Each structure stands twice: as C-alpha cells, then as structure tokens.
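Computed over heavy atoms, backbone and side chain alike; hydrogens, waters and symmetry mates excluded. Owing to the predicted nature of the structure, the values given are computational and were not obtained by experimental measurement.
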Amino acid sequence: MKTFNELKLAKELIKFQSITPLDAGVMKFLEKKLKKLGFKTKILQFKEKGFQPVKNLYARLGTKGPNFCYAGHLDVVPPGNIKDWTINPFRPSVKKGYLIGRGANDMKSSIAAFVSAVSTFLIKNKKFNGSISLLITGDEEGDAVNGTKKVVEYLKNKKEKINFCLVGEPTNPNKLGEMIKIGRRGSLTGKLTIFGIQGHVAYPDRANNPSSIIVKVLKKFKDIQFDKGTKNFQPTNLEVTKINVDNTADNVIPATAEATFNIRFNNKHSSKSLIKKINKILIQVNKKNKSKFKIDYKVSGEAFLTKPNKTTFMIQNIVKKVTNMKPKLSTTGGTSDLRFIKKISPGLEFGLVGKTMHKVDEAVSLKDLRNLTKIYSKILEAYFL
C-alpha cells in the first residue's frame, strides 16, 4: 500500500492551473492517486445552459456503512497580476517554512492532507468497518451550478449514503485549531432597477428622478432591524454593494437608477421571507413616488446549522489534542459547499488558516499542513476504530 506525502501532493496539485471552472487535468490526476489506494472513482461532468461545464470527482473506498466523506474543491481563483507574486503562482515553492502557490491555502493543501491521512490510515487498518469517500468539485469558486450541487443530486438518485462529511475549507482566522464551522448564514443578492421619467434638471416637475427614489429605498433597506442574532449566529445584515446611474449629462435627470445589495441572514429567516419583506418596501416606496421597479434575486444558499453531535465533539477534541487549542464552534464567514451537502448528510468544516486565501503569495505553514494531516488521520481512527 502506497503512502502519500502531503507536501509533495500539495505541490503537484498546485501545478495544475485549475482556475474556476477549468479543470486543467487535475481531476484525472487525483483520480489516479485515489485508485492506487483502492478507491472506486467516477468523474462527473455536468452541463447547464448558460454556464460552463464542470468536472467533479466522487470516490469511495469500501461498500459498508458508515460512510465518512471528505469534501472540497480543486478550482482556484485567478492569481491576479503575476508580477505581484514573489514566485510563479503555479510553480509552488517553499520559503521560510511556508508553501507558496495559488490554492496552497484554499484548498488544494487540505485535499493533499486528507489523501495523505487516508493512505496512512490504510497502512495500519487495511480492514475497517465502513467506507471513506471524497466529494471533490471544480466549481466552488465560481457559479456553483455544475459542481457540488449537481453531485449531491447525483448521489441522491443513486441512493448513496453519506453518514458524516468534513469539508476542508480554511476555517481558522489566525492559528490552526481556533475554529470549526458548524453552519453558515444564508446569502441573498438583489439587483434593483428604479424606472423614473427622464427630463431637464431645470424642470424637475416634468420628470421623476429615479436616483432620489433609489436613495429612499436603500435607506429603508438599511433601517430594517432584522434581528439581534442568535446563540449560534451573528445578526442578519444588509449591505449595498453597487449604486449606478448611467448618465453622461449633468443637466439631465436620468430615466433609471440601479443598485445591488446583499443580505447575509441567520436561521431566523429564509430567502422567501426576506424577499417578501423587501418587496413590500419596494411596492410602498414606488407607489408613493409614482415610479416602477424591477428586481432580480439570486439565492446563493439558505442559512443552516448542523446540531453538534458525538462526531462533532470527537473532532473538536482531536483538534485540541494536536494543536493545544479548543476550537470554537462557529457559523461566521461566507458560504461553502456544505450548504448543498447538508441535504444528504450532517457535517462540519475544518481546514487551514485562511489569512492568505485569494491573496497574492497565498501560502500555508508546513507545520500546519503536517498537523492538519495528523488531525485528519486521527479523525478516521476515532471514527472507525
């Protein structure tokens, strides 16, 4: 049985320029590695009109339950200006105890750590009571349409049972061992257009200025007191991210005004209840100002919470033993693919320190990488033995 070194494998994965949603051959590469460990694998490519096709990988070792699944993504964000990097982002390098490269932090190193942990586990435990699986996507950093969401649908149709899932996203703010994610807030984006009446600025009575109306609307949005948070979640917040009045003349009242806003909401709300609240305000303001509006909504995910269970506490204790820190059970941060996986399995997120993700010279501490591999290996031992 072959064992895989986490640092060597992380370097190999980083070399693939798998900028979302491009595969660049990385799924096939990982598939070959997993087959050497005895996994049965399937590359799943999904297509949906209007979006680029995406390759995903599902691999399973064993046929018995329980099935412990590791989930993550091999797609990365663009490197930006390569001249700003101290190295070529796709030619990983070790400097002063850190592995540098695009995806070193988010999250190719986590996948390398899990594969290495599995290989170590299998050396000592060729026969174990259960199955280990990997659910790897190439669409986490992108539209998330042809990725994990579709894989989950595929697994449901195949009646594939997953008993617990660990997502390897970088969850720690500053030090390995600080935080485990047991849920996430939901995300709702609204793209709003207010239609007024164009006219001369000297004759405002002959026009209806949509920019004034959109300001009123956005003020009412910001004044909403959604909630004060809960035991597990921070308060719901709405942030205006774009305001645009496409007007090239200074003496013309524009015909339209646009704005985009995002609501990060806890489990006191659903996207439907928030849309209802927002639409009510829009109807009231526009009726009063004799204007019309159009709004398009996009729901990236609903708020969810995995109620801590014995597996959660087992993982928390292992992290504490390895790092000497008891990780906080948290729901902070953005969305992750656990929002899809939760439909078929309970789970949590634990990975590396996220300080450099998406940045120039993205990096992971070699010590953290070794410890993460150790944590993942001990989790398998505790779960199955």
Worksheet item: Is there a donor-acceptor pair under 3.5 Å between the side chain of Asn172 and the backbone N or O of Met179?
Response: yes
Worksheet item: Is a side-chain donor or acceptor of Asp139 paired with a backbone partner of Val145 at a separation under 3.5 angstrom?
Response: yes
Fill in: Set of salt bridge (charged side-chain N to carboxylate O under 4.0 Å, His left out) partners for Glu349, sequence neighbours left out
Arg184
Worksheet entry | Pair Phe16 and Phe29, ring centroids less than 6.0 Å apart | yes
Practice prompt. Give, for atom CG of Leu305 and atom CD1 of Ile182, the distance between the pair rounded to the nearest 0.5 Å.
Written response: 5.0 Å
Discussion item. Taking salt bridge (charged side-chain N to carboxylate O under 4.0 Å, His left out) as the cut-off, I'd like each qualifying pair that reaches into residues 353-367, sequence neighbours left out, listed once.
Written reply: Arg102-Glu362
Worksheet, complete the sentence: Lys150 meets the salt bridge (charged side-chain N to carboxylate O under 4.0 Å, His left out) criterion, sequence neighbours left out, with Glu48
Worksheet item: With no hydrogens and no angle check, is any side-chain donor or acceptor of Glu141 less than 3.5 Å from a backbone partner on Ile19?
Response: no
Fill in: Straight-line distance of Ile111 CD1 to Ser116 OG, nearest 0.5 Å
13.5 Å
Worksheet item: Looking just at side-chain N and O atoms, do Asn209 and Ser211 make a donor-acceptor pair shorter than 3.5 Å?
Response: yes
Worksheet item: Any chance the side chains of Asn289 and Lys216 put a donor and an acceptor closer than 3.5 Å?
Response: yes
Worksheet item: Does a donor on one side chain sit under 3.5 Å from an acceptor on the other, for Thr331 and Asn232?
Response: no
Item to complete: Determine the interplanar angle of the Phe384 and Phe121 rings, folded into 0 to 90°, and report it as parallel if under 30°, tilted if 30 to 60°, perpendicular if over 60°.
Response: tilted
Practice prompt. For residues Thr323 and Lys175, determine if any side-chain heavy atom of one lies less than 4.5 Å from a side-chain heavy atom of the other.
Written response: no
Worksheet entry | side-chain contact (heavy atoms from CB on, under 4.5 Å) partner of Gln284, chosen from Lys287, Lys288, Lys280 | Lys280
Worksheet item: Between Tyr58 and Tyr154, does the ring centroid distance fall short of 6.0 Å?
Response: no
Worksheet item: Would you say Thr41's side chain and Ala59's backbone share a donor-acceptor pair under 3.5 angstrom?
Response: no
Worksheet item: When rounded to the nearest 0.5 angstrom, what is the spacing between CG in Leu369 and CD in Glu6?
Response: 5.0 Å
Discussion item. Going by side-chain contact (heavy atoms from CB on, under 4.5 Å), Thr236 matches just one of Ile263, Ile224, Leu188. Which one?
Written reply: Ile263
Item to complete: Applying side chain to side chain donor-acceptor pair (under 3.5 Å), run through Thr148 and Asn56 and close with a yes or a no.
Response: CA-CA 8 Å; Thr148 300; Asn56 307 274; 5.5 Å; no
Discussion item. Between Val94 and Lys11, is there a side-chain heavy-atom distance shorter than 4.5 Å?
Written reply: yes
Worksheet item: Is a side-chain N or O of Asn125 found less than 3.5 angstrom from the main chain of Lys127, in a donor-acceptor match?
Response: no
Discussion item. Assess, by modelled atom type and distance only, whether the side chains of Lys181 and Thr332 contain a donor and an acceptor separated by less than 3.5 Å.
Written reply: yes
